[in-house]
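What you see below is based on every heavy atom in this structure, not just the backbone, and it leaves out hydrogens, waters and symmetry mates.
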Amino acid sequence: MEPEAREEIFERAREYSTRPAGWEQADVLWLRVIEAYRQVVASDQVDRHDQRQLARALWRHSMVLAAMGRHDRAKESGHQAVTLFAEIHQAVAAEHPDPTQPRRDEALGELITAMVDSGESAFVAGSLEVRLKLLEKAIEIGLHTAGPPPAAGPRTRTAMATAYHNYANALLHRQQQGAASDAQEAALAASRATELRLKALDPHQPITIWELANTYSIYAHALVAIGDVERAGLVVKQGILLTDMLGVSGTEIQQKLRAAEALVRQASGGGGRRWPWRRR
């Protein structure tokens with residue numbers, strides 16, 4: 001298959017992946033894309049772009065499969081994607097020691113993102129501990145490679161913000177299940193996600209507003225869980241201001257913030273007692 005044809009099918013598969021009605025067709029197309037890029041990567045004409053496209057196809061396909069409930073196939077595709085992204089990052093690192101260099105930053109950001117998404121796929125499949133392990137590993141790789149996230153490259157910062165956000169959410173979920181007391185660690189992770197998303201906030205890009213508001217909803221619940229009710233109230237107020245800017249697209253997040261607001265009122269009215277986090 002010619003390069004132009006591979007790219008065209010990749011884009012079609014990506015488009016079908018954006019809506020549930022297109023998932024079946026996306027599944028078929030991703031298989032074609034993956035096979036086409038596998039053939040190129042196995043040949044003598046392989047280049048870094050083809051490797052990245054194969055990794056991206058495997059990753060996107062795993063997301064579609066997870067959404068369709070085909071968890072075994074999603075796990076396999078996601079694992080292959082993470083492995084390939086890791087190989088790509090290692091190769092790029094040999095060429096660009098500086099993790100903030102654009103190509104290195106892109107490679108590291110994609111590796112972290114693939115690990116985070118694989119963790120969420122594991123959660124959907126019922127593997128709660130696998131989710132946590134993948135998120136912990138993603139954060140560890142980011143910290144070990146790029147150092148403190150605020151000083152990392154933009155792609156890495158974005159990926160790390162998502163990793164911290166999802167990690168906080170996963171810890172709170174585990175506490176809600178009664179498996180462990182993770183609220184303090186969850187609050188710390190949510191705080192770090194907040195710091196990164198505040199830095200990325202751009203009023204002209206609604207997605208950055210949505211992401212920060214979403215993290216505020218997690219952060220507020222974590223703060224209530226550790227008894228820091230006053231700060232939780234402030235976080236709720238900031239989050240609601242952001243969701244007001246989003247309009248309809250912020251409705252679901254605002255509901256989460258209102259639930260946190262109710263917990264803040266309960267805790268304040270109860271003499272500052274600590275209230276357990278509850279799943280919304």
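Closest of all the heavy-atom pairs between Ala213 and Gly239 is CB-O, 4.2 Å. The two residues Pro149 and Leu143 come nearest to each other via the heavy atoms CD-CD2, 3.7 Å. What you find for Ala232 and Ala220 is that their closest heavy atoms are CB-O, 3.7 Å. Of all non-hydrogen atoms in Glu11 and Arg14, the two that sit nearest each other are OE1-NH2, 2.7 Å. Residues Ala189 and Tyr164 share a closest heavy-atom pair of O-CB, 3.5 Å. Between Leu135 and Ala163 the shortest heavy-atom distance is CD2-O, 4.2 Å.
Cluster annotation: Leu234 is not connected to Tyr219 through the hydrophobic network of ILVMFWY side chains, with a link wherever side-chain heavy atoms come within less than 4.5 Å. In the hydrophobic clustering of this structure, Val124 does not group with Met63; members are Ile, Leu, Val, Met, Phe, Trp, Tyr whose side-chain heavy atoms approach within less than 4.5 Å, directly or through other members. One hydrophobic cluster, built from ILVMFWY side chains closer than 4.5 Å, holds both Met245 and Leu257. Hydrophobic clustering (side-chain heavy atoms under 4.5 Å, transitive across Ile, Leu, Val, Met, Phe, Trp, Tyr) keeps Leu65 apart from Leu54. Linking ILVMFWY residues whenever their side-chain heavy atoms come closer than 4.5 Å, directly or via other members, places Leu223 and Leu198 in the same cluster.
Taken from NE2 in His61 to CG in Leu29, the straight-line distance is 9.5 Å, to the nearest 0.5 Å. Rounding to the nearest 0.5 angstrom, the gap separating the CG atom in Asp50 from the CG atom in Asp47 is 4.0 Å. The line from CZ of Arg104 to NE2 of His96 is 9.5 Å long, rounded to the nearest 0.5 Å. The distance from atom OG1 of Thr162 to atom CZ of Arg157, rounded to the nearest 0.5 Å, is 13.0 Å. With rounding to the nearest 0.5 Å, the separation of CD1 in Ile9 from CZ in Arg6 is 10.0 Å. To the nearest 0.5 Å, atoms CD1 (Ile209) and CZ (Arg197) are separated by 13.5 Å.
Using modelled atom types, one finds no donor on one side chain facing an acceptor on the other under 3.5 Å when comparing Arg60 with Ser17. Defined by atom type and a distance below 3.5 Å, a donor-acceptor pair is present between the side-chain atoms of His49 and Glu7.
Ionic pairing of Glu8 and Arg12 is present here: one or more N-O contacts between side-chain nitrogen and carboxylate oxygen are shorter than 4.0 angstrom. Note on Arg38 versus Glu35: no salt bridge recorded, every NZ/NE/NH1/NH2 to OD/OE distance being 4.0 Å or above. With respect to the salt-bridge test (charged N to carboxylate O, under 4.0 angstrom), the residues Glu110 and Arg52 do not qualify. In summary, Arg70 and Glu24 engage in a salt bridge, as defined by a charged side-chain N under 4.0 Å from a carboxylate O. Here Glu136 does not pair with Arg131 in a salt bridge; the nearest charged N to carboxylate O distance is not below 4.0 Å. With salt bridges taken as basic N to acidic carboxylate O contacts below 4.0 Å, one links Glu261 and Arg258. We find that Arg231 and Asp228 are joined by a salt bridge, their nearest charged nitrogen and carboxylate oxygen being less than 4.0 Å apart. Between Arg174 and Asp182 there is a salt bridge, since at least one side-chain N of the basic residue sits less than 4.0 Å from a carboxylate O of the acidic one.
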Can you check salt bridge (Lys or Arg N to Asp or Glu O under 4.0 Å) on Arg192 and Glu195, steps first, answer last? CA-CA 5 Å; Arg192 288 171 173 166; Glu195 179 184 5; over 6 Å; no

Ile112 and Met160: CA distance, side-chain angles, deciding distance, side chain to side chain contact (heavy atoms under 4.5 Å, CB included) verdict: CA-CA 7 Å; Ile112 294 169; Met160 288 292 282; 3.9 Å; yes

Is there a side chain to side chain contact (heavy atoms under 4.5 Å, CB included) between Glu120 and Asn166? Walk through the geometry before answering. CA-CA 8 Å; Glu120 294 311 301; Asn166 288 21; 3.3 Å; yes

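Not a single donor-acceptor pair under 3.5 Å links the side chain of Ser77 to the backbone N or O of Ala74. Formation of a donor-acceptor pair under 3.5 Å by the Ser191 side chain with backbone atoms of Ala187 is not found in this model. In this structure, the side chain of Thr208 engages the main chain of Asp202 through a donor-acceptor pair within 3.5 Å. The main-chain N or O of Ala183 is found under 3.5 Å from a side-chain atom of Gln175 such that the two form a donor-acceptor pair. Of the possible donor and acceptor atoms, none in the side chain of Ser268 sits under 3.5 Å from a partner among the backbone N and O of Arg265. Remark: the backbone N or O of Ile141 is paired with a side-chain donor or acceptor of Thr145 at under 3.5 angstrom. Listed for the Asp105 side chain is a donor-acceptor partner under 3.5 Å among the backbone atoms of Thr156. Lys199 places a side-chain N or O within donor-acceptor distance of the main-chain N or O of Pro150, the cut-off being under 3.5 Å. The backbone N or O of Ile207 lies less than 3.5 Å from no partner atom in the side chain of Gln205, so there is not a single donor-acceptor pair. A distance-only check finds no donor-acceptor pair linking the side chain of Ser127 to the backbone of Phe123 [under 3.5 Å].
Residues Trp59 and Ser118 form no side-chain contact, since every pair of their non-hydrogen atoms from C-beta on lies 4.5 Å or further apart. When side chains are defined from C-beta on, Gln80 counts as touching Glu76, because their heavy atoms get closer than 4.5 Å. Between Thr243 and Ser217, the closest side-chain pair of non-hydrogen atoms is not below 4.5 Å. Contact check for Leu132 versus Tyr167: side-chain heavy atoms found under the 4.5 Å cut-off. When side chains are defined from C-beta on, Gln255 counts as touching Thr251, because their heavy atoms get closer than 4.5 Å. In this structure the side chain of His165 never reaches within 4.5 angstrom of the side chain of Leu196, judged on heavy atoms. Between Arg73 and Asp27, some side-chain heavy-atom pair lies under the 4.5 Å cut-off.
Applying the 6.0 Å contact sphere to CD of Gln25 captures more than 12 heavy atoms from other residues, nucleotides or ligands.
For Tyr16 and Trp30, the distance between ring centers is not under 6.0 angstrom.
Scanning for side-chain hydrogen bond (donor to acceptor under 3.5 Å, both in side chains) contacts around Glu252 gives an empty result, with sequence neighbours left out.
Judged by a 6.0 Å distance limit and a 45° cone about the ring axis, Arg56 is not positioned over the six-membered ring of Phe10.
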